[in-house]
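Notes for the one structure printed next.
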Amino acid sequence: MGLTQELMDPEGTALPVRHLTNAEKAAVIVRLLISEGAAPRLTGLSPRQQERLVERMASLAPVDRRTLAAVAQEFAQRLDNLGLTFPGNMAGALEMIGEHLSQDTRQRLTDRAEAEGPPDPWRKLAGMEADQLRPLVTRESAEICAILLAKLPVSKAAALLSDLPEDRAHIVAHAVSLTGAVDPATIARVGDQLLGELSARSAPAFDGNPADRVGAILNAATATTREKVLDGLDTRDEVFAGHVRRAIFTFEHIPKRVEAKDVPRVMRAVDPETTVLALAAAMQAAPVAVEFLLENMSKRMAEQLREDAEARGTIRGAEGEAAMAEVVTAIRAQEEAGEIRLIAPED
């Protein structure tokens, strides 16, 4: 029996084609593919589109063969007329050709894509190094770890899995086999949660390490206070005290930490009256530092500063320390601005 005969009633009259909406036609095509053993990939649809598809399949009455043939023919014609499809947004285009772009270009376009719409947490997670992701794998549940590994590039997922203890690796690997049943909305929420955890952990409450912070505080303290605190730290935590000592930078450290060529730049950054006051105080407290500074500036300026400093005579402790601290602060500011480079204590 030919197709024409199948689409005729017993009396030879052509059967009418049933009118279907586009959503119902989509449901018919999906049902046809499933009946033929094909497995249509529907995960690319939004959750709402997937729900509507299931609702249409649930509500459709039986479809006669003539209507089925008409729907299939229309579908085939649309495929024949379709040359290429494009994602329609920056994020989709990046997923399609991102691996062929340079890293800088890919990052700029990723930023643009995120500005156009909600940021994709999984894109950011996939771009992180394995060391950054390792804390998640060690502390999250096996189910969450499985979703993470399933969304990462294979090489990165393998590196993380190999770091796990053998018994936990088995559990997580088995959990990966169950991720196919997780809906896209849940996966998106998991991605947001994991990225939020990493962002919170990667944003420290304080800048710099503890030893540097203590060192900066002691830099501004008086010499007496500084020595008392360091002596106390030596008794409590000798290792930490050593780190703090290396972080401390006072006027007397200038010859060891400042390069000779940078001295003129440093001196220009300090008020002349403060410079004279600091040199006058340091002639007693740090004479080596005074000679280092004077030797590495113009002869005329060095002679003038030396005369002015000697003319000031003895400087009160607090006043002199404040002036020397201003010189040190100016040096630190120039280092942070990248104008000079301090010699590391180890060097």
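Just so we're clear, the structure is a prediction, and the values are computed from it rather than from any experiment.
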Salt bridge (Lys or Arg N to Asp or Glu O under 4.0 Å) for Glu273 and Arg312? Distances and angles first, verdict last. CA-CA 11 Å; Glu273 178 61 25; Arg312 293 298 299 262; 2.6 Å; yes

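- No side-chain heavy atom of Ile144 sits under 4.5 Å from any side-chain heavy atom of Leu136.
- Atom CD of Gln304 is separated from atom CE of Met297 by 12.0 Å, given to the nearest 0.5 angstrom.
- Tracing side-chain contacts under 4.5 Å through hydrophobic residues (I, L, V, M, F, W, Y), one never reaches Val63 starting from Val54; they form parts of separate clusters.
- Side-chain contact between Asp234 and Phe240: absent, with no pair of heavy atoms (C-beta onward) separated by less than 4.5 Å.
- Under the 4.5 Å side-chain contact rule for hydrophobic residues, Leu293 and Val288 do not share a cluster.
- Partner of Val276 under the side chain to side chain contact (heavy atoms under 4.5 Å, CB included) criterion, chosen from Asp308, Ile315, Asp271, Val270: Asp308.
- His253 places none of its side-chain heavy atoms less than 4.5 Å from the side chain of Leu342.
- Side-chain contact between Leu195 and Met128: present, with at least one pair of heavy atoms (C-beta onward) separated by less than 4.5 Å.
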What do the steps show when you test Arg226 against Glu321 for salt bridge (Lys or Arg N to Asp or Glu O under 4.0 Å), and what is the final call? CA-CA 12 Å; Arg226 185 162 53 246; Glu321 287 190 358; 5.9 Å; no

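- Between Glu129 and Arg134, every side-chain heavy-atom pair lies at or beyond the 4.5 Å cut-off.
- When atom types are taken as modelled, the side chain of Glu74 and the backbone of Lys25 share no donor-acceptor pair closer than 3.5 angstrom.
- There is a path of hydrophobic side-chain contacts, each under 4.5 Å, that joins Leu133 to Val190.
- Geometric assessment of Arg257 against the ring of Phe249 yields a positive cation-pi assignment under the 6.0 Å and 45° thresholds.
- No continuous path of ILVMFWY side-chain contacts below 4.5 Å connects Ile171 to Leu152, so the two sit in separate hydrophobic clusters.
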Given the rule in the side-chain hydrogen bond (donor to acceptor under 3.5 Å, both in side chains) test, do Arg332 and Thr329 qualify, once you have shown the distances and angles that lead to the verdict? CA-CA 5 Å; Arg332 284 291 197 185; Thr329 300; over 6 Å; no

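- Judged by distance alone, the side chain of Arg168 and the main-chain N or O of Val137 form a donor-acceptor pair under 3.5 Å.
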